[in-house]
Amino acid sequence: MLNLVLFGPPGAGKGTQSQKLIDHYQLVHISTGDLFRAHIKSQTSLGQQVSKLIADGELVPDSITIAMLEEEVDKNKEAKGFIFDGFPRTVPQAEELDKFLAGKGAKINGVIALDVDQEELTRRIAERHKISGRPDDDAEKLKKRISEYFNKTVHVLPYYESQGKLAKVNGIGEIEIIFNDLCTVIDQY
Ligand code: ADP
């Protein structure tokens with residue numbers, strides 16, 4: 001199995017690159033943000049539970065997020081591997097993911113952080129807001145998401161760095177060039 005974590009702040013391009021990576025490596029893409037949005041859209045009880053938190057740019061509690069993610073992995077028994085996008089976002093999520101995969105005789109092979117500066121992130125999300133209709137893309141909510149990222153999510157980086165699994169890729173520039181840089185890293189796993 002090849003299991004990757006694509007890591008980066010809101011607007012770093014994780015979704016765009018994940019789409020290209022799943023085609024190239026035949027992996028299953030699991031985006032916790034997309035899963036939550038699907039629950040909200042179909043008004044499931046999970047969706048009702050998390051919609052306000054998400055609209056406000058706050059993180060969903062670990063217990064809810066982890067249960068949803070594990071269920072999604074278990075739905076894909078034939079998968080050759082996974083790209084985790086937007087998960088783990090906290091250290092407890094990262095620890096739980098390691099335990100969960102170990103129970104299946106699998107592991108995270110590598111974590112790639114897309115590096116994009118704050119100015120470019122703000123510009124990209126302002127642009128996306130015009131078409132996405134995501135309530136959490138508005139400027140005020142975006143500030144909250146970025147602060148959640150810097151308060152909670154960045155701590156996931158040293159967790160993986162200490163395991164020797166972290167690589168950084170420049171996330172600014174042409175989509176194809178960034179994709180090639182990602183493939184160069186992944187082909188070494
Ligand atoms: P972004 O574009 O900010 O990377 P996502 O689409 O990945 O956003 O996620 C949108 C929102 O869903 C987050 O702001 C958060 O509220 C919730 N969410 C997604 N993944 C997680 C997670 N792993 N833990 C907690 N909350 C999450």
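What's counted below: heavy atoms across the whole structure, side chains too, no hydrogens, waters or symmetry copies. What you see is a predicted model, and the numbers here were worked out from it, not measured in a lab.
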Residues Asp85 and His29: side-chain donor-acceptor under 3.5 angstrom: yes
Nearest atoms (heavy-atom pairs only) where Val28 meets Ala79: CG2-CB, 3.6 Å
Salt bridge present between Asp98 and Lys107 (N-O < 4.0 angstrom): no
same_hphob_cluster(Val169, Val116) at 4.5 Å side-chain heavy-atom cutoff: no
Exercise: do Tyr189 and Asn3 side chains pair donor with acceptor under 3.5 Å: no
Gln19 side, atom CD; Thr16 side, atom OG1 - distance, nearest 0.5 Å: 8.5 Å
Minimum heavy-atom distance between Arg89 and Gln93, given as atom pair plus value: N-OE1, 2.8 Å
Single-linkage hydrophobic cluster, 4.5 Å side-chain cutoff, Leu166 and Leu6 together: no
Residues Asp187 and Tyr25: side-chain donor-acceptor under 3.5 angstrom: yes
Spatial distance of atom OG (Ser63) from atom CD (Glu96) [nearest 0.5 Å]: 11.0 Å
Test item: Asp136 and Ile54 side chains (from C-beta on) under 4.5 Å apart, heavy atoms: yes
CD1 (Ile64) with more than 12 external heavy atoms under 6.0 Å: yes
Heavy-atom check, side chain of Leu69 versus side chain of Thr32, under 4.5 Å: yes
Leu59 backbone acceptor or donor facing Glu148 side chain under 3.5 Å: yes
Spatial distance of atom SG (Cys183) from atom CD (Gln17) [nearest 0.5 Å]: 8.5 Å
ring-ring contact (aromatic ring centres under 6.0 Å, His included): pairs with one or both residues in residues 74-96, sequence neighbours excluded: Phe82-Phe84
Path from Ile22 to Phe7 over hydrophobic side-chain contacts below 4.5 Å: no
same_hphob_cluster(Ile186, Ile83) at 4.5 Å side-chain heavy-atom cutoff: yes
Any donor-acceptor pair under 3.5 Å from Lys52 side chain to Gln49 backbone: no
Ionic contact status for Asp117 with Arg123, cut-off 4.0 Å: no
Nearest-0.5 Å distance that lies between atom CD1 in Ile30 and atom CD in Glu71: 10.5 Å
Sub-4.5 Å side-chain heavy-atom contact between Thr153 and Arg145: no
Heavy-atom pair with the smallest gap, counting every atom of Ile40 and Gly47: CG1-O, 3.7 Å
Ile172 versus Asn170, closest heavy-atom pair with distance: N-OD1, 3.0 Å
Donor-acceptor pair, side chain of Ser42 and main chain of Thr44, under 3.5 angstrom: no
Hphob cluster co-occupancy, Ile108 + Leu2, side-chain heavy atoms under 4.5 angstrom: no
Closest contact, heavy atoms only, Pro10 versus Leu121: O-CD2, 3.2 Å
Donor-acceptor contact below 3.5 Å, side chain Asn76 vs main chain Glu72: yes
Glu127/Arg124 salt bridge by N-O under 4.0 Å criterion: no
Plane angle bin for His24 and Phe179 - parallel if under 30°, tilted between 30 and 60°, otherwise perpendicular: perpendicular
NZ on Lys165 to CG on Leu157, rounded to 0.5 Å: 14.0 Å
Inter-residue atom distance Leu182.CG - Thr184.OG1, 0.5 Å rounding: 8.5 Å
Ion pair Lys20/Glu176, N-O distance below 4.0 Å: yes
N-O pairing of Arg128 and Asp137 below 4.0 Å: yes
Closest non-hydrogen atom pair between Pro88 and Tyr160, with its separation: CG-OH, 3.3 Å
Side chain Glu120, main chain Ala12, donor-acceptor under 3.5 Å: no
Sub-4.5 Å side-chain heavy-atom contact between Leu97 and Leu101: yes
Side chains of Arg134 and Lys141 in contact at under 4.5 Å (non-hydrogen atoms): no
Lys14 side chain to Gly8 backbone, donor-acceptor under 3.5 Å: yes
Salt bridge Glu140-Lys144, side-chain N to carboxylate O under 4.0 Å: no
Side chains of His39 and Gln48 in contact at under 4.5 Å (non-hydrogen atoms): no
